[in-house]
Trainee: 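There's a structure below that I have some questions on.
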There are 2 protein chains.
Amino acid sequence: MFDPVCPSGLSPIRVGDKWAGMIIRCLEQGPRRFSELRVPLRGITAKVLTQSLRGLERSGLVVRTVHAGPPRQVEYGLTPLGRSLLEPMAALCAWTEEHWDELLDAREAETAI
Amino acid sequence: MFDPVCPSGLSPIRVGDKWAGMIIRCLEQGPRRFSELRVPLRGITAKVLTQSLRGLERSGLVVRTVHAGPPRQVEYGLTPLGRSLLEPMAALCAWTEEHWDELLDAREAETAI
DNA sequence: ACGGGTGGTTACCGGCGGGATACCGGCCGG
DNA sequence: CCGGCCGGTATCCCGCCGGTAACCACCCGT
């Protein structure tokens, strides 16, 4: 599948809470189901994913749609508002990718002192 | 002086730690001294400002220069790397300003439930 | 000599973000 | 009937972020 955004612990960039940015990018190409989201976001626990998704819902960036089952199916997708956030976020991600090495270098230079 | 960025508690956007984004924007127009930074960042305490600045230094986004006194003077300015971050950040800030109302509306709609 | 302003550092502390773990209701395959 | 997968919820707990307060070295004006 698609890769998660940068290992955000090192990045100076965050959107919303720790995972929100990555979630939004994971939804870029269309709605995903709960467990589909857990795959690219390696390591996220169900609770934290739920929390983040609820937060994004509350901000009107994400919609939760329950497709009546029986195989009960829940999809999360971007609202137009959420989609509009993709552009500036992409700019930031491009920046991070472009300057990743410099950021790492700066860290190492400091810790070497 | 210039205004701080949006009251970040509500914004889904954060850069680095709580204050880093605002600090960077405050340095947009040139280096500032420690106490000059405390003015636009109303409410920031000396410790937290120091912390944030050290973090930004560690990431290579900000430089600290001590101008030999006697009136000991310390200036913080953006590195080229830091300056390059201004563009994508501006895009994000523009987005936030543009969609501020929608974000607030979404919050209120939810809390009304 | 003394108080006050600048530019910090250090010690302490509380809240909450987020991780681990356990559990749960509904449905399905065997 | 039993176990397992989906989509969560409940609970506990720990670390870290950020705030308060105290302290400090240096210089200046009186």
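The chains referred to below are lettered A, B, ... by the order of the sequence lines, with proteins before strands, and numbering in each begins at 1. Both backbone and side-chain heavy atoms feed into the values below; hydrogens, waters and symmetry mates do not.
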Trainee: Round to the nearest Å and state the distance from A/L53 atom CG to D/dC6 atom P.
Mentor: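 About 17 Å, once rounded to whole Å.
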
Trainee: Starting at CG of B/L49 and ending at P of D/dG19, how long is that distance when rounded to a whole Å?
Mentor: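 Rounded to whole Å, this separation is 11 Å.
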
Trainee: According to a strict under-4.0 Å criterion, is A/R64 in side-chain N/O contact with OP1 or OP2 of D/dG8?
Mentor: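 For D/dG8, OP1/OP2 do have a side-chain N/O of A/R64 under 4.0 Å.
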
Trainee: Extract, from 5' to 3' on DNA chain C, the first and final nucleotides lying under 4.0 angstrom from some heavy atom of chain B.
Mentor: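 In short, chain B contacts DNA chain C from C/dT6 to C/dA11.
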
Trainee: Among A/E75, A/Q73, A/R72, exactly one meets side-chain hydrogen bond (donor to acceptor under 3.5 Å, both in side chains) together with A/H67. Which residue is that?
Mentor: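 Among the candidates, only A/E75 passes.
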
Trainee: Given atom CD1 of B/I44 and atom C1' of D/dG19, what is their separation to the nearest angstrom?
Mentor: 11 Å

Trainee: For residues B/E57 and B/V63, determine if any side-chain heavy atom of one lies less than 4.5 Å from a side-chain heavy atom of the other.
Mentor: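 They are not in side-chain contact.
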
Trainee: Using the rule side chain to side chain contact (heavy atoms under 4.5 Å, CB included), only one of B/L56, B/I23, B/L78 pairs with B/L61; which is it?
Mentor: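 Going through B/L56, B/I23, B/L78 one by one, the side chain to side chain contact (heavy atoms under 4.5 Å, CB included) with B/L61 is satisfied by B/L56 alone.
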
Trainee: I need the CD-C1' distance between A/E75 and D/dG7, as an integer number of Å.
Mentor: 14 Å

Trainee: Taking only N and O in the side chain of A/R54, is any of them less than 4.0 Å away from OP1 or OP2 of D/dG8?
Mentor: yes

Trainee: Answer whether the closest heavy-atom distance between the side chains of B/D105 and B/E102 falls below 4.5 Å.
Mentor: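 They are not in contact (no side-chain heavy atoms under 4.5 Å apart), so the answer is no.
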
Trainee: Report the distance from atom NZ of A/K18 to atom P of D/dC16, rounded to the nearest whole Å.
Mentor: 11 Å

Trainee: Name the nucleic acid region contacted by A/S35, choosing base, sugar-phosphate or nothing; use a 4.0 angstrom heavy-atom cut-off, strictly under.
Mentor: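 It contacts sugar-phosphate atoms only.
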
Trainee: Between A/E36 and A/R33 (salt bridge meaning N to carboxylate O under 4.0 Å), is one present in this structure?
Mentor: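 Salt bridge: no.
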
Trainee: Round to the nearest Å and state the distance from B/L41 atom CG to D/dG18 atom P.
Mentor: 13 Å

Trainee: Using the side-chain heavy atoms of B/K47, tell me which of these nucleotides is nearest: D/dT9, D/dG19, D/dG7.
Mentor: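 The nucleotide sitting nearest to the side chain is D/dG19.
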
Trainee: Please check if the side chain of A/T79 supplies one atom and the backbone of A/G60 the other of a donor-acceptor pair under 3.5 Å.
Mentor: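 Yes: the side chain of A/T79 pairs with the backbone of A/G60.
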
Trainee: Rounded to whole angstroms, how far apart are CZ on A/R38 and C1' on D/dG8?
Mentor: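 From A/R38 CZ to D/dG8 C1': 10 Å.
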
Trainee: Contact between A/L53 and A/R64 at the side-chain level, heavy atoms closer than 4.5 Å - yes or no?
Mentor: no

